[in-house]
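For reference, the structure discussed in these notes is given below.
By convention here, the first residue in the shown sequence is residue 1. For clarity, every value in this text was computed on a predicted model and none was experimentally measured. Just so you know, ligand 1 is whichever comes first in the structure, and atom 1 is the first atom listed for that ligand.
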Amino acid sequence: MWPAFSSAETELRERVRTFLAEALPRRGTIPEDGWIHGFDPDFSRRLGAAGFIGMTWPTAYGGAGRSYVDRAIVTEELLRAGAPTAAHWVGDRQIGPALLAYGTEAQRREIVPRLARGELVFCLGMSEPGAGSDLAALSTRAIDDGDAFVVEGQKVWTSFAHRADYCYLVARTDPEAPRHRGLSELLVDMRLPGIRVRPLVDMTGEHHFNEVFFEQVRVPKRWLIGERDRGWFQIAAQLDYERAGMERLLSYAPLLADLETHIRVTGRGSEPLIRQRLARFHGEILVGRQLVYRIAWQLSRGVTPTADTALTKLYGSELEQRIARFAGEVLGPYAVLAPGSEAPLGGRVARAIVNAPALTIRGGTVEILRNIVAQRGLGLPRA
Ligand SMILES: Cc1cc2nc3c(=O)[nH]c(=O)nc-3n(C[C@H](O)[C@H](O)[C@H](O)COP(=O)(O)OP(=O)(O)OC[C@H]3O[C@@H](n4cnc5c(N)ncnc54)[C@H](O)[C@@H]3O)c2cc1C
């Protein structure tokens with residue numbers, strides 16, 4: 001059955017498992033969505049020291065010089081273990097690759113090795129109050145002023161902005177140009193004067209994303225990433241990396257595993273409906289896994305399959321929502337008991353259900369992804 005892993009890939013998987021058994025003897029209380037909610041800089045540094053961050057990056061920049069399939073193996077194991085990977089996830093997934101593709105040599109030398117060591121936290125400054133799905137509508141300005149760009153504007157839903165060392169910011173450098181053409185990407189030090197971060201608490205009661213205000217923030221020009229006014233074309237590649245990973249399929253894997261144990265222990269594994277639904281989820285996860293490994297395999301060959309990444313995220317995030325719903329059905333009224341209570345599975349089901357709407361919004365909504373599959377995958381006309 002495909003994917004069939006080579007002995008080197010199997011050996012890598014075993015190494016990650018051994019590392020995790022030692023570094024994470026016990027899972028966190030809420031292991032779901034550990035790449036967004038599990039913020040643990042010490043764990044990220046240990047992972048970096050073990051060589052599991054920057055798997056695909058050249059060794060000259062501190063990476064492991066391996067394939068995207070190898071990276072998918074590492075992330076699969078981290079997600080299944082419920083590891084707290086939020087402190088380095090964005091940097092590993094898309095900032096390192098973006099700098100290697102578009103950054104100057106000085107930017108690469110300064111940032112990429114530190115990312116590989118798990119030392120830097122990044123946030124993504126894309127969405128704005130008037131620009132989410134329609135990112136090209138963004139209005140944050142980066143005004144040319146001598147040796148710097150002066151940034152003015154507001155971002156929203158910025159995950160980890162309150163903890164980030166840097167923001168990967170998309171801003172408008174040419175307000176006169178057609179809207180897709182006047183955008184640029186900047187790397188902004190979050191300690192610069194004029195940056196204000198205001199917390200947003202989500203429906204689970206947790207704080208991971210924020211509003212970020214930029215008032216007359218002077219960003220030295222050496223932090224322009226790639227070509228000025230060509231940011232849109234760079235973002236497109238970033239979004240492929242953002243959408244195609246295991247985290248779009250396995251964020252709720254720890255919940256499903258523990259739910260299965262609960263079903264066995266409580267003797268409910270003999271109920272036909274429960275058996276069938278569980279078996280179906282296993283089949284669906286196998287399919288999703290094939291989709292993710294297929295994209296990793298394509299990325300390793302230099303192909304960026306935009307329609308496939310959209311399809312993979314769409315498939316995985318809807319599946320994760322069904323898993324949360326199923327967990328709620330299995331537990332019945334106990335599902336509404338909150339984390340920390342005496343509820344089965346420590347109240348994780350209530351949290352998973354409340355968190356679930358975010359899964360099909362973050363990184364691109366299902367409607368937008370279906371549009372991409374229709375237009376770029378199937379060649380249908382724009383609606
Ligand atoms: C947990 C989480 C973390 C996030 N982290 C970050 C982050 O770190 N950085 C960042 O920049 N952003 C982040 N976001 C923001 C996220 O990318 C946006 O919420 C998302 O792109 C949707 O944008 P919006 O919220 O403005 O919704 P809108 O774009 O206003 O969309 C509203 C609704 O209209 C639909 N819609 C819009 N346009 C179309 C269309 N053309 N065709 C069909 N339907 C359409 C959408 O599908 C949606 O249902 C995060 C979001 C979440 C939930």
Side-chain angles (χ1 to χ4, degrees), residues 32-39 86-95 98 121-140 151 153-172 179-180 183 185-186 188 190 197-214 231-232 234-236 238-243 245 247-248 251-252 309-310 313-314 316-318 320-321 324 351-352 354-376 380-383:
E32 283 70 61
D33 239 5
W35 65 279
I36 285 217
H37 292 277
F39 194 91
H88 71 270
W89 197 270
V90 169
D92 180 43
R93 178 179 68 188
Q94 63 203 98
I95 306 301
V121 179
F122 264 80
C123 63
L124 290 175
M126 294 194 190
S127 306
E128 296 185 2
S133 304
D134 186 12
L135 193 58
L138 66 82
S139 59
T140 292
V151 177
Q154 185 201 335
K155 296 290 170 179
V156 72
W157 316 125
T158 321
S159 305
F160 325 121
H162 56 306
R163 288 167 143 159
D165 300 295
Y166 290 96
C167 176
Y168 204 94
L169 183 84
V170 187
R172 192 166 294 287
R179 52 192 217 128
H180 290 90
L183 302 175
E185 293 186 308
L186 296 172
V188 179
M190 289 296 281
V197 177
R198 202 159 73 182
L200 289 170
V201 176
D202 69 19
M203 285 200 295
T204 64
E206 292 162 27
H207 166 214
H208 93 275
F209 50 29
N210 305 271
E211 292 177 295
V212 186
F213 300 88
F214 296 87
W232 182 257
Q234 299 172 196
I235 297 165
Q238 279 222 38
L239 290 178
D240 281 332
Y241 290 112
E242 187 173 341
R243 289 173 178 159
E247 69 272 33
R248 306 303 182 179
S251 287
Y252 281 9
T309 59
K313 192 205 170 244
L314 178 61
S317 55
E318 289 189 336
E320 290 180 314
Q321 284 184 336
R351 182 188 171 280
V354 175
N355 187 54
L359 308 182
T360 50
I361 299 173
R362 64 189 188 193
T365 66
V366 285
E367 291 81 10
I368 296 302
L369 299 174
R370 285 199 170 90
N371 278 343
I372 295 173
V373 174
Q375 286 160 24
R376 304 189 60 172
L380 298 177
R382 289 178 79 89

Please check if a non-hydrogen protein atom sits closer than 4.0 Å to [atom].
atom                    : result
atom 38 (N) of ligand 1 : yes
atom 33 (C) of ligand 1 : no
atom 6 (C) of ligand 1  : yes
atom 3 (C) of ligand 1  : yes

Item to check | Shortest protein contact, atom 26 (O) of ligand 1 (heavy atom only) | outcome: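 The protein heavy atom lying closest is G132 CA, 3.2 Å.
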
Should you measure from each heavy atom of [X], which atoms of ligand 1 turn up under 4.0 Å away?
X    : answer
M126 : 11 (O)
L124 : 7 (C), 8 (O), 9 (N), 10 (C), 11 (O)
F209 : 1 (C), 2 (C), 3 (C), 52 (C)
T365 : 22 (C), 46 (C), 47 (O)

Checklist entry - Can you tell which of E367, E242, H208 gets a heavy atom nearest to atom 43 (C) of ligand 1? => result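 Nearest heavy atom to atom 43 (C) of ligand 1 lies in E367.
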
Next on the checklist: Regarding atom 29 (O) of ligand 1: of the candidates S159, S133, A164, which has the closest heavy atom?
Outcome noted: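 Ranked by closest heavy atom to atom 29 (O) of ligand 1, first place is S133.
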
Next on the checklist: Side chain or backbone, does I361 bring an N or O within less than 3.5 Å of an N or O on ligand 1?
Outcome noted: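 No, no N or O pair falls under 3.5 Å.
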
